[in-house]
Amino acid sequence: MIDLEQLRNNPQQFVDLLSRRGSFDMQPILTLDRQLREMITQRSQLQSRSNVISKTVGESIKAGIPPQSPEIKALRDEASQIKTAIAEFEPQEKQINAELEQLLLTIPNLPSPSTPVGTSEDENVEVRRWGDQYIPAGENILPHWEIGEQLGILNFERSVKIAQSRFVTLLGAGAALERALIQFMLDRHIQAGYLEVMPPFLVNSESLTATGQLPKFSEESFKCGADDLWLIPTAEVPVTNLYQDQVLTAEELPIYHCAYTPCFRREAGSYGRDTRGLIRLHQFNKVELVKLVQPETSEQEHQALVENAAGILEALKLPYRIVELCTGDLGFAAAKCYDLEVWLPSAGKYREISSCSNFHDFQARRGKIRFKPSGQKQTQFVHTLNGSGLAVGRTMAAILENYQQPDRTVRLPEVLQPYLNRAVL
RNA sequence: GGAGAGGUGGCCGAGUGGUUGAAGGCGCAGCACUGGAAAUGCUGUUUAGGGGUGACUUUAACGAGGGUUCGAAUCCCUCCCUCUCCGCCA
């Protein structure tokens, strides 16, 4: 959620920044805001008078004045009238408030001033590349879904039968490799200071609204029709919402969490894209990193988070690059975002394997996640950050291709070998 | 699914119609005492919003929403959630 006070006090600066993402009309919001505040002022004054009357009536009765006496009767009548007047205000006020709220929920986050300006992913900025020496030289590398099926560790066909397209079943060493990757990633992140959590995989609408998936992107998540519960599209949702509606102390920050969860996405509107393989599935595993930090530190915390995610790729010796998303490619809730892209030989290009975002106070404001700086009376919103560390299925895809050998076997990255008790698939 | 109990401030826990935003305790902060600390004492300690440059002032909130009343944490209705026991089940 954007900061209404900031918008009110400095609309021009606000609109300028937001215009880097697209065009948004802030005028309706400003108008509703003004109307609402006028109503609140008027209604509060009436309420105040009403409270005085009630108090006087109570005191008078206590002092022995009969409840039916004319002076008390007069006060009661006045209070009744005020009550009627207030009753007229309330529905209007509620309605305006609801409208305002709805509008505010659809405005995306302000991009950070340092986010490169651009209109599409073509204008994303490459930050660095790593691991050129690990890019395999061979020409005829099988795409991961082919080698996976040859090795008998991936099965797509039967998954269609039991679910539908865009699902996979892992068998034997495939299942073991997936599990090993999860374990390996978590081990590293725990070592780096993240506290592991295993949250619910179903969440309510409120949680999805706080992190920004609702109300605008409801068609992206699976909903359990009979309940107000959704399958999580990412661990970001349950883990961030662990702290929803809380006032933390400054000492509790920063909070670092890592979490393994499956993720469920409808992938609406991506028909025909990445229809084969592990790249775009309705269900995939992911290890997620989530941070809640004080605002002054969020920039450096963001950099550190990117390094934690990149550390996994480096440990696995998978070639990757980091790109900074431009304003046009930025996610709804993000102020700044780096994508980690792994080299995928079959595609001959880098593919996203992690997305590391700084949301500033956007999610915290929606989820009411605050903290009290030591010595201060006022609460402040925390900054939230998260990033994949990493998408597990895509990591497996990268291994199956980058580690493929001419004899159609796949070597395992050294760091994984102890987890699987073998060196080759 | 059946039966019961309960939801009050950071926490515990009083409170059944009238200056109760809420006793008491714990915790926390400040001060005093001390060589320093403990113990003790005193003081302070919710959040969100409106108005005001400011001192300040005002409104709301006792699970949520509605109702009764001049006045509701307290009474009535609806809903949600939690806990215990039984049944079923991973």
Side-chain angles (χ1 to χ4, degrees), chain A residues 1-10 29-101 104-105 198 200-210 224 226-230 238 241-253 255 262 292 361 364-382:
Chain A
M1 184 107 72
I2 56 167
D3 184 353
L4 186 55
E5 207 176 304
Q6 190 193 342
L7 172 65
R8 193 188 291 150
N9 296 337
N10 210 338
I29 290 179
L30 289 165
T31 306
L32 287 173
D33 176 49
R34 190 160 10 91
Q35 286 178 357
L36 183 62
R37 284 187 300 146
E38 276 165 19
M39 281 189 167
I40 288 172
T41 304
Q42 289 187 47
R43 201 212 59 224
S44 296
Q45 283 166 357
L46 288 174
Q47 191 61 255
S48 177
R49 171 64 189 154
S50 168
N51 288 347
V52 170
I53 292 172
S54 297
K55 213 172 262 182
T56 312
V57 170
E59 279 164 5
S60 303
I61 292 174
K62 219 176 196 176
I65 300 174
Q68 302 309 326
S69 66
E71 57 261 58
I72 290 184
K73 176 83 167 56
L75 286 172
R76 283 185 172 182
D77 288 347
E78 189 189 346
S80 285
Q81 280 169 23
I82 291 174
K83 203 181 161 186
T84 314
I86 290 174
E88 277 171 31
F89 270 105
E90 267 175 350
Q92 289 182 59
E93 197 183 313
K94 260 187 188 164
Q95 160 132 21
I96 291 179
N97 196 23
E99 276 175 41
L100 185 59
E101 189 77 4
L104 284 171
L105 284 173
M198 192 170 284
F201 300 160
L202 297 182
V203 294
N204 56 34
S205 298
E206 205 182 333
S207 296
L208 279 164
T209 305
C224 304
D227 305 279
D228 178 31
L229 287 171
W230 306 68
N241 276 288
L242 240 27
Y243 301 95
Q244 189 205 103
D245 203 13
Q246 234 189 293
V247 181
L248 300 156
T249 62
E251 294 71 42
E252 288 174 273
L253 298 174
I255 291 170
L292 288 81
D361 60 5
R365 181 170 283 112
R366 290 171 154 236
K368 298 188 182 65
I369 308 174
R370 291 158 293 175
F371 77 103
K372 197 174 283 208
S374 41
Q376 278 188 45
K377 210 174 156 57
Q378 265 295 321
T379 56
Q380 261 187 65
F381 290 107
V382 302

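Naming convention: chains lettered A, B, ... in sequence-line order (proteins, then strands); numbering from 1 in each chain.
Of the candidate nucleotides B:G49, B:C70, B:U46, B:C70 has the atom lying nearest to any side-chain atom of A:S54. For A:S48, the side-chain atoms get nearest to B:U59 when compared with the rest of B:U59, B:U19, B:C70. When the nucleotides B:U47, B:G49, B:G66 are ranked by their closest atom to the side chain of A:S44, B:G49 comes out on top.
Across all strands shown, A:K73 has no heavy atoms under 4.0 Å from either base or sugar-phosphate atoms. When heavy atoms are screened at a 4.0 angstrom cut-off, A:E59 is found touching base atoms of the nucleic acid. Within 4.0 Å of A:K83, counting heavy atoms only, lies at least one base atom of the nucleic acid. No contact: A:I53 has no heavy atom under 4.0 Å from any strand. Contacts of A:T379 with the nucleic acid, taken as non-hydrogen atoms under 4.0 Å apart, involve only primed sugar atoms and P, OP1 or OP2. Within 4.0 Å of A:R34, counting heavy atoms only, lies no atom of the nucleic acid at all. Counting non-hydrogen atoms under 4.0 angstrom, A:I72 reaches nothing in the nucleic acid. At a threshold of 4.0 angstrom between heavy atoms, the contacts of A:N51 are confined to the sugar-phosphate backbone, with no base atom among them.
Taking the side chain as every heavy atom from C-beta outward, A:K83 and A:S50 never approach each other to under 4.5 Å.
Although no hydrogens or angles enter the test, the distance criterion places a donor-acceptor pair under 3.5 Å between the side chain of A:N9 and the main chain of A:E5.
In this structure, A:L36 atom CG and B:A60 atom P are separated by 16 Å, rounded to whole Å. A:E93 places its CD atom 12 Å from the P atom of B:A60, with the value rounded to the nearest Å.
Across all strands shown, B:G27 is found opposite B:U45 as a Watson-Crick or G-U wobble partner, with both distances under 3.5 Å. B:G54 is unpaired under the criterion used here, namely a Watson-Crick or G-U wobble arrangement in which both key atom distances are under 3.5 Å. Searching all strands for a Watson-Crick or G-U wobble partner of B:G17 with both distances below 3.5 Å returns nothing. The partner of B:A5 is B:U82, judged by Watson-Crick or G-U wobble contacts that both fall below 3.5 Å.
When the side-chain nitrogen and oxygen atoms of A:R76 are compared with OP1 and OP2 of B:G71, none of them lie within a distance under 4.0 Å.
Between B:U74 and B:G66, the distance separating the two P atoms is 14 Å to the nearest Å.
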